[in-house]
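A short worksheet on the structure shown next.
Proteins get letters first, then strands, A, B, ... in listed order; numbering begins at 1 in each. Keep in mind it's a predicted model, so treat the numbers as computed, not measured.
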Amino acid sequence: ADLEVTHWWTSGGEAAAVAEFAKAFDATGNHWVDGAIAGSGETARSIMVSRITGGDPMGATQFNHGRQAEELVAAGLMRDLDAVAEAQDWKSVINPPSLLESCMLDGHLYCIPVNIHSWQWLWLSNQAFADAGVPVPANWEEFVAAAPALQKAGKIPLAVGQQGWQMTGIFNDLLLGLGGKDLYLKVYDEKDAEVAGGADVAKVFKALDDARTLSKGSNVQSWNEATAMVISGKAGGQVMGDWAQGEFQVAGKVAGTDYTCLPGLGEARYITTGGDSFYFPALDDPEKSKAQEVLAEVILSPETQVAFNLKKGSLPVRGDVDLAAANDCMKKGLAILKEGNVLKSTDELISPDTTTQLNDLMSEFFAESMTAEDAQKRFAGLIESAD
Amino acid sequence: MSADGPPGRLFKNISAKIASIPMILTAVVVFLGGTLWTVIYSFTDSKLLPRLNFVGLAQYERLWSTPRWIVSIENLAIYGILSLIFSFVIGFLLAALLDQQIRFENTFRTIFLYPFALSFIVTGLVWQWILNPDFGLQHIIRGLGWENFTFNPLYDARLVMFGIVLAGLWQGTGLIMCLMLAGLRGIDEDIWKAARVEGIPTWKTYLFIVIPMMRPVFVTTLVIVMAGIVKLYDLVVAMTAGGPGTASEVPAKYVYEFMFRAQNLGQGFAASTMMLLSVAVVVIPWAYLEFGGKRRG
Amino acid sequence: MPGAARASSVSVRDLRLAYGALTVLDRLSLDIAEGEFIVLLGPSGCGKSTLLNCVAGLLEITDGQIWIKGRNVTWEEPKDRGIGMVFQSYALYPQMTVRGNLAFGLRNAGLPKAEIETRIARAAEILQIEPLLERKPAALSGGQRQRVAIGRALVRDVDVFLFDEPLSNLDAKLRSELRVEIKRLHQQLRNTMIYVTHDQIEALTLADRIAVMRGGIIQQLADPKTIYNRPANLFVAGFIGSPAMTFLKGRIAERGGASFFEAGGAAIALDGYQGEVPPAGREVILGVRPEHVSVGAEGAPATVDIDEPMGSDSLLWLTFGGQSLSARAPAEHGFGRGEKVGLGFDISKASLFDPRSEQRL
Amino acid sequence: MPGAARASSVSVRDLRLAYGALTVLDRLSLDIAEGEFIVLLGPSGCGKSTLLNCVAGLLEITDGQIWIKGRNVTWEEPKDRGIGMVFQSYALYPQMTVRGNLAFGLRNAGLPKAEIETRIARAAEILQIEPLLERKPAALSGGQRQRVAIGRALVRDVDVFLFDEPLSNLDAKLRSELRVEIKRLHQQLRNTMIYVTHDQIEALTLADRIAVMRGGIIQQLADPKTIYNRPANLFVAGFIGSPAMTFLKGRIAERGGASFFEAGGAAIALDGYQGEVPPAGREVILGVRPEHVSVGAEGAPATVDIDEPMGSDSLLWLTFGGQSLSARAPAEHGFGRGEKVGLGFDISKASLFDPRSEQRL
Amino acid sequence: MLATTLAATDVMGRAEPRGARPRKTLSRRNVMLYGVLIVVALYYLLPLYVMLVTSLKGMPEIRLGGIFAPPMEITFEPWVKAWSEACTGLNCDGLSRGFWNSVRITIPSVALSIAIASINGYALANWRFKGANTFFAILIFGAFVPYQVMLYPIVILLREIGLYGTLTGLVIVHTIFGMPILTLLFRNYFASVPEELFKAARVDGAGFWGIYFKIMLPMSLPIFVVAIILQVTGIWNDFLFGVVYTKPDTYPMTVQLNNIVNSVTGVKEYNVNMAATIITGLVPLTIYFISGKLFVRGIAAGAVKG
Ligand SMILES: Nc1ncnc2c1ncn2[C@@H]1O[C@H](COP(=O)(O)OP(=O)(O)OP(=O)(O)O)[C@@H](O)[C@H]1O
Ligand SMILES: Nc1ncnc2c1ncn2[C@@H]1O[C@H](COP(=O)(O)OP(=O)(O)OP(=O)(O)O)[C@@H](O)[C@H]1O
Ligand SMILES: [Mg+2]
Ligand SMILES: [Mg+2]
């Protein structure tokens, strides 16, 4: 049957990756109707929610796993996948298991994770540093230290797209990288406002202040434009999730020689396991319902997982697949995953409402002359009222 | 009353009433109903889906303590005042110039009007590009030798609203000009002659005689312009997405994002209610003046 | 009182005005004496307003000259020509009070405040609009508005007044009242006035001389009595007079040394005709006004068609010699349809026209 | 010919019409006989059009009844009332040809094609608009448009014609022509006609009976002669007649058994007055029309102010007994300003009014 | 030019002013007037020029900067790409698909919204039944309501009447949101039609619809032109409703445009974006250029009388 799938994977690497899903699904005799919506997940999600609540649901849709679809599930608009999960024994193959947990509500499975995305990467342009005559840094401190040289060479040290979520990403990475796992969990899991206003987080805000200084002059909007600056050597580096990998790949760059990736910003070797997942709205048409199950199976099959994640630059959700073809950076990520140094992503820990407020705070901080102290004060307040 | 009394009043003009059903439905169900619905749900803690769990004024308290909302309001005020003033002034000036029996009037008018045919998305895109410091105006002028020339409104929090006004004016003044031109053409030729015979300079004639006479045009124009200002959204999204930071946020965007992105319908509805309230404050007295009297229509 | 006798106040010389290819006025000349009241009369579209606007300087002329008070003003701005103008639509500034309307031009000319006040007071007194000074035009009746419009010209203290159909937006009663007022105003001020109208009653009551225009050409320029009693051609004859002059087609006959006008078997003696009676046999048109036809028991026989009572008297529509003819009779009579009557003609007030050239003979 | 004598064609009973709080017509009753030509005359805003629209069914009345041809039509649609209506601005459908305009109502009524053709042909013949049938209104002159508008009412073959100032947009000449035509039409068709105007000449020439209105109230309903010669009150007297009736304030005196009107030292004998002369000492207003004042060398002394020539005769403005008075004189005379003259009054045509009640005595 | 100058001196040479006052073509007034107009016109044309020029350049040339420079080498590649090759997700057929969808959406929406608004305006201006003005005031209030506010109630409304996601639903949404301003225009226009015409038609036995179709409609060309222009522009350019109330295979052109513009593969392909932008704007622009004169006339008829 024809199944419309909505998602916001429209950049070069993403589109190539999603094509793998479509290919595999079409091979089963069904037809993947592509419903890509450009302009970041924020635009797309509002449309998806409207359509589902409007009574005209698509066959399947992307969300970030976590709490974005919580209420839709609670309202009975999504179907559960318990039967398929049982048959395919996903419980044992999905790694880390926390991924499946975040798809569960009241003991039922409502979504399937399709990949693991980690946010904690610093991407560096080897060429930019060569031009500036300094060695490629190995961690955040070195990066900050190298910045003046980059600036002298007419480069922008840190490329940042002008969207709140990108800046929040930087902050969270610094929080986990410089502050460590416990601090991260205290703030986001326990929502401890005192800690959020405390000295440890103050250090993070200091670092964020540096990042702000280093990013002056990056006049781009979207994340992949920022990545393009790194690729072309106009900027020294970018803090961005592993999906940036896809852009380097599409541009034909080789990890290690053309660019360098530092997971956990080269500091603490932790990654968060956010990622994308697919939800399946409840449909009346039994034929389509069947197709939904087929799609779920196909997405999680080992072959598709490998093909998809190689293109996307993210990590597969199955522990049992072979990623020999993976490049340098991916292997670094896989290694951390193996070590079990994984944490829940903020998407799973805080509500979209809080996320939005956080994004606003960060974009304000980056755009204006707000002091680190003020920003922290507001951050603490935000964590206090977070849900 | 006469012996064979009047037929039911309800059936008087029955066709007119039937034909007005779409309008009545739209007015009552969509605009009035939708507004009421929005107001009611603004007192709840609805998240992704609306639910009637009342929390009193909590959403409003939060709204008015959110810096982004305050910024949005300020921005709308800046944009509103600037674009009102400039679109009226420029629109009127252009109309006055075109009214001088010039040659190529059609050509000029078409040039001034064509941006109106484009969507805000397109307008935003083009101006974003022209104002882009690395490609656009700033780049060009620096290239011409003024190395220190800086005109980078879209990435400067203090100037960003002006950049948006610039694009908004480019798109909207053509229509205003058309309205004004129509108004000017509606003014009695004799008034001009009378003023000339009295030796009143042209500018004075415009200022003291013609402009005061164009009140109805100004009212219509005001309605159209204000409606556009309150709804300002696409242009901002296309040009700056609210950035840098939250420097170019506007209320409509706040509403949209809280309803759909932040999945906090209650907050979005509270913000909508505030917007509707301010609109009502403007529209209701106007409607009263316009239709309240015993004027025809 | 021909214009040449007095100093010429306004003089239009060989005026030509064309809108693109359309020539509206061609080689028009007109001399107006100091203090004279000239009325431009003619059907709609004949170029009256155009001529007035040329004099005012509101239209750029194509060729020719315009002199006012001995000065060639052809290239001068309207405000420097020493003219005041009153428009059909009043053209009052709606947002100003009456006082504001009167003062605006003066203030603009930089007159001192006291002087402005004096002039407004004088004009308001002349026009009796003192109680209205603080009202806005919207709160005035038609006649009051017209008076303010005149006042606006008055305060400018000019020598030449131009009126473009100032009364045609008003109803009949008001029109006749204001007509008298304008007449009085002229007698009081003795300015030169050029007054455009297509209402002949206005023309006849107000004018020292009337210029009857058609198609941009002045057909006749003369005092009202001459225009009324000795119209220069068929057009002027038919245009002036209400109810209109009746035209009878016929030919000249001579019987016993006396000339007769003959038509459809009926004959009218032509002695006493003011002008040259053409030779017998010539085809002519006889024009005779209703009030110069007397209806009685005796005279040329005719039949009554309609008796239209008009208050003070009645208008009779008759058939005379196979042609239609109208006559005025005292209202008392009351004639029935088909009644036979006899007609008498006052030939000294009638006119004979050449059917081809349409000129009076 | 009072309405009661014949079958009543249109009957308005206790009509009340209010726009919100503003009552325009209040308890107005009017009976119109079959075939009668009624003119509603009155100043602007007095409610003439309102009354006509009520009869036509275009306005919803507040209270009262309207009967047409013995049928209560108060609640019927305009098209079902058997009326035809002609409007001031012609109200022709601009996008249809003349034929289309005439046919529109008939087609709406579902008449067969042949019948429509016949009726149009007949109306076109009566109104002499056959050559215009295929033109659009924009290509017609004012008079032709008016004729088409009448034709549109004509083809509907109705008993009652309603005219709302059908001639007031036309110029004087055309107006007088069409007036005659409407009169002819009425004589030919003998329909009931209700005709609104504020032009008294129209009223006087056309009407069987005139209803003079003011402020929504009928002041006098009578035939033109009565209205003209014996106006019911000051308002009617002043409103009818052009140039207007002159009013002189004074009081009644008795000398030698004869009653006199005295004002400012001058006296006018009142014998022959049509009506009751009040007792001596009573304050009255004497109304006298200009044409009932004769100007000569002898009579009551007066001084000439203005001599307004009006073609066939002149209007003299005089000072008589300290008050202003106008008189009509033959145009020949020519009086100078300040000239002393003597006046004669035709008292049988004059009226005396009570200054308080303003009613005729 | 020379001839005029000669003629002018000739006139000046005469003793007395005669005929038209000599005027220099380059008088100060004209220089000012046309100077200002031309400068402003340039400001208005600049973005169009930039769009056009950019859309004809190749990416390497764009990277050189100089957005105002004319293309060194004209290429139609970006146009082809924008029309039929640009990708969004997996769909690589550019704007071409969206074009026909837009046509399919625009035509019925324009037709229905104008039909309803003109009937509303007519009923309001000429029939004036009780309470009509109240509804109209609410409607005008609706003109100010940000679309985002109504998005949710309308989603629910359409869901309840089962039209969500259908073309009919979208047409209804456009009709609803076009109604306030259009009704205002039509009402003002019909109110300026002489009332006597309307009365004459009633006496002639035409009813509500008869008068509308046979009398009012044929007289209203200018205002219909204005309405059509406003609606075609508004609906063609609409993004929000198009994206919320349609599905991928019925996405209008603007959604495709947004997708193309926001789907960045490496660097932004400005030339393709500009080409796509121009192509999208072509339909409303054409309508403008064709009917500019009628537009002003219609505006004069519909807007000026308050
Ligand atoms: N601006 C113009 N362009 C072209 N032709 C014009 C213009 N103004 C007037 N005309 C023409 O010039 C002629 C004379 O017009 P004018 O206004 O002087 O007539 P008028 O005698 O004042 O008529 P009315 O009694 O209707 O006011 C008319 O035929 C008219 O069509
Ligand atoms: N729609 C309306 N609403 C309120 N008042 C009205 C309306 N139409 C007319 N009037 C008032 O009713 C009164 C009578 O109006 P009507 O039109 O009947 O006068 P009229 O005698 O026909 O005057 P005219 O000679 O100017 O046509 C006027 O005072 C007018 O202001
Ligand atoms: Mg004129
Ligand atoms: Mg009336």
- Query: Which residues from residues 50-62 of chain C are near chain B, with near meaning under 4.5 Å between non-hydrogen atoms?
  - Reply: Asn53(C), Gly57(C), Leu58(C)
- What part of Leu162(C) lies closer than 4.5 angstrom to a heavy atom of chain B: side chain, backbone, both or neither? neither
- Item | Contacts of residues 188-211 of chain B with chain C (heavy atom under 4.5 Å) | Asp188(B), Asp190(B), Ile191(B), Lys193(B), Ala194(B), Ala195(B), Arg196(B), Val197(B), Glu198(B), Gly199(B), Ile200(B), Pro201(B), Lys204(B), Phe208(B), Ile209(B)
- Query: Going by the salt bridge (Lys or Arg N to Asp or Glu O under 4.0 Å) test, which pairs reach into residues 82-99 of chain B, not counting sequence neighbours?
  - Reply: Asp99(B)-Arg185(B)
- Is any residue of residues 101-119 of chain B within less than 4.5 Å of chain C by heavy atoms, and which ones? none
- Item | Over 12 foreign heavy atoms within 6.0 Å of CZ, Phe86(B) | no
- Answer yes or no: does atom CD of Glu130(C) have more than 12 heavy-atom neighbours from other residues, nucleotides or ligands under 6.0 Å? yes
